[in-house]
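Since the structure comes first, as structure tokens, the remarks are kept for the end.
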Amino acid sequence: MLNHFLNSAQLSSTDEVILFRDGRIIVQEQRYLWTAGSVPDQLAIAKTLLLVSTGRRNLVVMDLESDKHIPDNAEPTSLRSLLFNSDRALATAGKANQILDWYKGHQYCGSCGEPTVPDPKQLAVHCLRCNRHFFPRINPCVIVLVIKGDKMLLAKNARYRSGFLSCLAGFIEVGESAEDTVLREVKEESGLDVHNIRYFKSQSWPFPSQLMLGFYADYKAGEIVPEPGEIEEANWYSYDELPTTPSRKISVAGELIDNFVRQMQSKAG
Ligand SMILES: [Zn+2]
């Protein structure tokens with residue numbers, strides 16, 4: 001049986017470690033994976049190590065206390081900076097961050113307030129007093145590219161200063177299907193009605209714990225009215241006159257856009 005909660009004595013020196021401190025990942029010359037043997041002794045006395053994956057080597061995530069000194073040539077950096085590293089880096093470090101974030105937020109039972117204990121049989125913490133288990137949770141979101149002929153609806157989010165235009169997106173609310181969310185979010189954020197909703201693909205998005213479900217939907221009716229406070233601008237863009245959009249390498253939004261552009265290009269010959 002796989003125990004997800006380890007201590008440093010259970011690691012071999014070749015096992016891999018991801019280090020976080022105060023919500024930032026410790027990176028050394030672009031390298032975010034440490035071997036257990038290379039982690040300085042004063043850091044390795046950490047309490048609980050959380051298992052991220054197994055294979056030829058175990059990979060664990062370790063949370064360092066704020067006052068721990070990290071090695072001289074290492075620096076704490078944001079998880080987002082790994083977006084430009086590799087898919088695997090983002091997936092691995094993202095998963096580590098989600099597990100760590102969940103664990104730190106579930107030290108006490110949300111029902112009775114007792115301290116929780118790790119469950120040795122699964123990735124969960126347990127309240128012995130009221131016999132509840134708490135598992136890491138993910139938050140499902142939809143991300144949707146609305147199509148009208150050879151044009152697509154792209155919008156700029158009012159809260160993020162990313163500089164690019166992208167698909168519409170939003171969290172799935174309690175009681176909704178993903179398709180219900182597509183209808184509601186597109187209506188709320190752009191004022192448009194859509195139909196022919198079709199699933200494209202999904203992506204784990206660890207900022208902090210979303211599962212993005214990508215969809216296409218066809219325009220049905222209405223005029224664009226950007227939602228105040230949420231959408232700064234929204235417009236139709238032809239596939240051959242695109243503004244700056246997210247890269248397909250890092251996000252399902254980029255893939256939705258790029259995939260549509262390719263379809264239109266091959267149609268146009
Ligand atoms: Zn409890």
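When a ligand or atom number is given, it counts from 1 through the structure's own listing order. Values in this document were obtained by computation on a predicted structure and should not be read as measured data.
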Ion pair present between Arg24 and Glu75, side-chain N to carboxylate O less than 4.0 angstrom? no
Walk me through whether Gln28 and Asn73 qualify under side chain to side chain donor-acceptor pair (under 3.5 Å). CA-CA 6 Å; Gln28 190 176 44; Asn73 51 352; 2.7 Å; yes
Do Gln265 and Arg262 have side-chain atoms, one donor and one acceptor, less than 3.5 Å apart? no
Does a side chain donor of either Asn131 or His126 reach within less than 3.5 Å of an acceptor in the other side chain? yes
Mind checking whether Tyr216 and Ile147 have side chains closer than 4.5 Å, heavy atoms only? yes
Which of the protein's N, O or S atoms come within less than 2.8 Å of the Zn ion (ligand 1), not counting waters? Cys109 SG, Cys112 SG, Cys127 SG, Cys130 SG
Axial cation check for Phe215 ring with Arg198, 6.0 Å and 45° limits: no
